[in-house]
Amino acid sequence: MKKIFFMMFALLFAMGNIQAQDNKELTKAEKKALQEKLDSLQYAEAVEAVEAKKFTLEADQVVFKYGQTAYVSSNTNFVSVDGNEAVVQVAFNIPVSGPNGIGGVTVDGKVSGYEVKEDKKGNLSLTMNVMGTGISARIDIRMAKGTNRASVTIVPNFNSNRLTLNGVVLPLARSNVFKGSSL
């Protein structure tokens with residue numbers, strides 16, 4: 001993990017030096033190549049965090065059961081896994097306070113059935129069950145190869161109120177989320 005973080009830092013430092021030395025704009029192809037390298041490093045870091053069971057998916061978009069979408073704050077809408085513990089939180093930008101104190105719901109649970117797979121194209125999929133006093137759901141995370149952007153689908157076991165969150169997968173140590181009061 002430190003190796004990947006160091007490589008990301010070195011890449012960003014090199015990007016700054018290139019711009020400072022040449023004092024000219026990078027070409028479109030150079031910008032694209034640098035962005036692809038950065039995305040690939042972020043993907044590797046995300047895969048490592050998922051396999052270590054120490055990650056957070058910070059969501060910036062929520063998709064409801066019938067396809068309606070809402071853009072939300074990524075530091076209050078997330079799915080986090082730390083070993084065998086999971087936290088699922090959604091909080092919408094509404095003036096009314098929800099059960100968690102920040103306009104939504106926060107539930108803690110135990111992780112079971114944690115299974116990570118990679119398909120032939122390199123796309124990552126994670127399936128797990130989260131059980132707790134406020135949640136009993138299957139959680140499916142899909143992350144395309146070469147990027148840390150991902151989609152998580154939360155399927156409750158006792159109703160059909162499926163919810164999808166879109167965002168980025170980050171290692172737990174780099175995550176910047178605010179957890180509300182749990183159920």
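Predicted, not measured: the structure shown is a model, and the values here were computed from it.
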Which heavy atom in [X] sits nearest to a heavy atom in [Y], and how many Å separate them?
X	Y	answer
Leu172	Ser80	CD1-OG, 3.3 Å
Pro171	Ala49	CA-CB, 3.7 Å
Thr164	Ser151	CG2-OG, 3.3 Å
Pro156	Ala137	CA-CB, 3.8 Å
Glu58	Asn176	OE2-N, 2.8 Å
Ala150	Ile141	CB-CG2, 4.2 Å

Check whether the side chains of [X] and [Y] place a donor and an acceptor atom closer than 3.5 Å, and report yes or no.
X	Y	value
Asn129	Lys110	no
Thr127	Asp140	yes
Asp39	Thr147	no

Which one of Thr76, Asn77, Asp108 satisfies the side chain to side chain contact (heavy atoms under 4.5 Å, CB included) criterion with Gln89?
Thr76
State which residue, out of Asn166, Val72, Leu165, fulfils the side chain to side chain contact (heavy atoms under 4.5 Å, CB included) condition with Gln61.
Asn166
Quick check against the 3.5 Å criterion: does Glu85 have a side-chain atom that pairs as donor or acceptor with the backbone of Val111?
no
Using a 6.0 Å cut-off, check whether atom NZ of Lys28 has over 12 heavy atoms from anything other than its own residue.
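It does not: Lys28 NZ has 12 such atoms or fewer within range.
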Please check if atom CZ in Phe178 has more than 12 non-hydrogen atoms from other residues, nucleotides or ligands closer than 6.0 Å.
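Open.
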Any chance you could measure [X], atom [atom1], to [Y], atom [atom2], to the nearest 0.5 Å?
X	Y	atom1	atom2	result
Asn161	Lys65	CG	NZ	5.5 Å
Leu38	Gln35	CG	CD	5.5 Å
Glu51	Leu126	CD	CG	10.5 Å
Gln42	Arg149	CD	CZ	11.0 Å

Common cluster, [X]/[Y], ILVMFWY with side-chain heavy-atom separation under 4.5 Å:
X	Y	result
Leu124	Met128	yes
Ile135	Phe64	yes
Val62	Leu57	yes
Leu163	Met143	yes
Val107	Val177	no

Heavy-atom side-chain proximity of Lys179 to Phe78 below 4.5 angstrom
yes
Answer yes or no: is there a side-chain heavy-atom contact under 4.5 Å between Ile139 and Thr153?
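No; the side chains remain at least 4.5 Å from each other.
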Check ion pair [X]-[Y] (N to O, under 4.0 angstrom):
X	Y	answer
Asp119	Arg142	no
Glu45	Arg174	yes
Glu30	Lys32	no

Flag this pair as yes if the NZ/CZ of Lys145 is under 6.0 angstrom from the six-membered ring centre of Tyr43 and inside a 45 degree cone about the axis; otherwise no.
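Negative - Lys145 is either too far from the ring of Tyr43 or too far off its axis.
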Are Val79 and Val87 close enough, and set up right, to give a side-chain contact (heavy atoms from CB on, under 4.5 Å), and what steps lead you there?
CA-CA 6 Å; Val79 173; Val87 177; over 6 Å; no
Intermediate values then yes/no, side-chain contact (heavy atoms from CB on, under 4.5 Å), Tyr114 and Val130
CA-CA 9 Å; Tyr114 193 90; Val130 178; over 6 Å; no
